[in-house]
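We're numbering straight along the sequence, starting at 1.
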Amino acid sequence: MKGVKILHCADLHFDSPFRDSDPSYREKRKEDLRETFGAIIDKAVNEEVDIILMAGDLFDNATVMKTTVDYVIRKLKEIPHIRVFISPGNHDPYHGKSFYKIIPWPNNVHVFQDKLEKIHIENLNTIVYGIGFGDSYERIGLIEEMKSKIDIDDSKINIMVLHGDVTAGISEYNPITIDDIGKSGMDYIALGHKHDFSGILREDDTFYAYSGNPEGRGFDECGEKGIILGTVYKNYVELNFHPISKRKYVICSVDISGCRDYEEVKSMILKASESFSREKNLFKLMLCGEVSEDFIINKELLNHKIKDDFFYVKLEDNTTISIDYEEIAGEFSLRGLYAKKMLKSIEEETESSEKEFLYKALKLGIESLTAKEVKMK
């Protein structure tokens with residue numbers, strides 16, 4: 001049987017607040033999302049796909065800019081020959097006041113509501129099944145309806161688009177069990193909700209996958225982001241993940257031990273981040289290692305020195321002060337007396353866990369008595 005070529009995407013979350021970024025970058029990131037959606041549509045055209053499956057959370061919430069809505073509709077109108085199926089998710093459920101209800105969608109777009117539907121596409125010998133969230137929470141699995149209400153036509157390629165949580169436990173976001181998937185009778189289930197690509201998975205004769213989101217929205221969503229593209233056949237698939245994000249979030253650890261000034265710190269930062277596109281991606285730099293007590297990092301000053309080398313950079317200082325405790329213990333001062341007493345306690349302690357606790361207390365105490373910033377970690 002001839003296959004059907006699909007593009008599967010999910011979780012765009014248009015007009016996300018992007019709280020992880022500074023206010024000046026938030027509008028840029030919203031525009032990045034729109035551009036990534038445009039890249040998805042262009043990819044569908046260039047790859048000559050038959051169907052686009054959007055597995056929910058197209059919108060992030062009920063507050064979406066009119067320019068965003070207009071852009072989405074315009075791009076979908078550019079592909080009248082491609083069928084588009086949308087399954088609303090927990091962030092954009094289908095109800096009387098939702099965008100899905102009030103927007104005049106192009107004729108090639110079908111938005112599933114809160115009742116399971118199946119759409120026959122005769123020229124592709126395919127049936128597309130779907131159901132959307134009717135509320136922000138769906139505690140009973142939406143796929144349950146299939147077991148008693150839908151007859152599967154095994155002579156067709158059967159595809160489902162669905163937003164939900166594949167889990168063995170309880171979930172407020174449309175719980176789906178592996179058993180549900182295996183008994184669904186589908187050839188492929190295009191899933192949304194989880195923001196990482198799951199790999200192309202299989203249960204019995206059903207293939208399924210989370211595409212993840214095509215554009216990360218914070219430093220908790222690092223790595224490649226993209227879509228799933230390929231062909232679904234009867235009882236097997238040829239599908240692959242394709243990165244498509246405009247930018248990536250990158251967390252980079254930078255050991256600045258021994259650095260004596262900001263120029264040396266900057267050099268270490270640029271070396272540690274050289275394998276990434278600094279002018280394109282968003283970075284969180286985690287400074288670590290030991291620095292001299294005479295060189296305490298001023299993040300504002302360091303950020304000023306490196307900001308022109310990055311599209312966006314955020315600093316986190318996890319360095320510790322390099323201290324010679326034996327030398328301090330010889331001082332005739334309050335911190336000298338403290339160091340001497342703590343070193344004696346550490347030497348006499350036999351339990352390793354207690355020694356570690358006392359050593360941390362020593363470090364924190366000396367940093368405090370030296371009038372430096374105390375880092376609790």
Side-chain angles (χ1 to χ4, degrees), residues 12-40 42 60 65 67-68 71 195-196 212-226 242-322 367 372-377:
L12 272 135
H13 289 273
F14 277 122
D15 290 339
S16 290
F18 289 104
R19 295 187 180 91
D20 236 357
S21 303
D22 294 341
S24 60
Y25 284 85
R26 290 172 188 167
E27 290 307 314
K28 294 179 184 178
R29 294 297 289 135
K30 289 179 181 181
E31 180 61 22
D32 287 342
L33 269 183
R34 290 187 281 267
E35 290 183 11
T36 296
F37 181 75
I40 291 171
D42 292 344
D60 187 65
M65 296 171 63
T67 52
T68 299
Y71 180 75
H195 289 188
D196 291 317
N213 52 348
E215 188 79 33
R217 299 183 301 142
F219 288 104
D220 57 342
E221 295 182 354
C222 295
E224 294 285 7
K225 298 295 178 181
H242 290 255
I244 205 165
S245 63
K246 182 173 182 180
R247 308 185 195 282
K248 290 189 288 189
Y249 285 85
V250 179
I251 299 176
C252 189
S253 181
V254 185
D255 189 340
I256 62 169
S257 295
C259 288
R260 296 162 293 183
D261 53 43
Y262 288 105
E263 287 302 317
E264 290 186 348
V265 173
K266 179 177 178 178
S267 178
M268 294 298 292
I269 286 173
L270 296 181
K271 182 178 179 181
S273 59
E274 64 185 356
S275 61
F276 305 96
S277 298
R278 289 190 290 264
E279 73 285 353
K280 174 183 177 182
N281 297 319
L282 297 96
F283 284 78
K284 180 189 283 188
L285 302 177
M286 314 284 284
L287 304 181
C288 61
E290 290 190 343
V291 296
S292 166
E293 62 179 298
D294 297 320
F295 178 48
I296 304 302
I297 300 298
N298 181 314
K299 289 195 295 183
E300 185 176 347
L301 175 58
L302 179 57
N303 186 75
H304 178 74
K305 293 186 73 69
I306 66 173
K307 65 182 178 65
D308 291 340
D309 295 285
F310 293 84
F311 169 76
Y312 177 83
V313 63
K314 185 176 185 178
L315 291 169
E316 187 168 311
D317 183 11
N318 294 322
T319 58
T320 57
I321 301 172
S322 178
E367 288 178 7
K372 304 296 184 183
E373 180 181 357
V374 179
K375 300 183 179 70
M376 300 295 291
K377 61 174 188 171

Original post:
Is a donor on one side and an acceptor on the other found under 3.5 Å between the side chain of Asn281 and the backbone of Lys248?
Top reply: yes
Original post:
Any side-chain heavy atom of Asp60 within less than 4.5 Å of one from Pro17?
Top reply: yes
Subject >> Check ion pair Lys30-Glu27 (N to O, under 4.0 angstrom) >> reply: yes
Original post:
Quick one: CZ on Arg278 to CZ on Phe311, what's the gap to the nearest 0.5 Å?
Top reply: 15.0 Å
**OP:** May I ask you to test the Tyr312-Arg247 pair for a side-chain heavy-atom distance under 4.5 Å?
**Re:** no
**OP:** Measure across Pro214 and Ser245 and return the closest heavy-atom pair with its distance rounded to 0.1 Å.
**Re:** O-CB, 3.1 Å
Original post:
Which pair of heavy atoms, one from His195 and one from Lys225, lies closest together, and at what distance?
Top reply: O-NZ, 2.7 Å
**OP:** Decide side chain to side chain contact (heavy atoms under 4.5 Å, CB included) for Arg29 and Arg26; before the verdict, give the C-alpha distance in whole Å, the side-chain angles of both, and the deciding distance to 0.1 Å.
**Re:** CA-CA 5 Å; Arg29 294 297 289 135; Arg26 290 172 188 167; 5.8 Å; no
Original post:
Which atoms form the tightest heavy-atom contact between Gly216 and Tyr249, and what is the distance?
Top reply: O-CE1, 3.2 Å
Original post:
Are the side chain of Ser267 and the backbone N or O of Glu263 linked by a donor-acceptor pair below 3.5 Å?
Top reply: no
**OP:** Could you tell me whether a side-chain N or O of Ser257 sits under 3.5 Å from a main-chain N or O of Glu290, the two making a donor and an acceptor?
**Re:** yes
Subject >> Value rounded to 0.5 Å, distance of NZ in Lys284 from CG in Asp220 >> reply: 8.5 Å
Original post:
What pair of heavy atoms forms the shortest contact from Cys259 to Met268, and how long is it?
Top reply: SG-CG, 3.7 Å
Original post:
Does a side chain donor of either Arg34 or Thr68 reach within less than 3.5 Å of an acceptor in the other side chain?
Top reply: yes
Subject >> Approximate separation, where rounding is to 0.5 Å, of Asp317 CG and Leu302 CG >> reply: 9.0 Å
Original post:
Can you tell me if Asp15 uses its side chain to pair, donor with acceptor, with the backbone of Met65 under 3.5 Å?
Top reply: yes
Subject >> Main-chain N/O of Phe18 paired with Arg217 side-chain donor or acceptor, under 3.5 Å >> reply: no
Original post:
Looking only at atom types and distance, does a side-chain atom of Glu215 sit under 3.5 Å from a main-chain N or O of Leu12, one as donor and one as acceptor?
Top reply: no
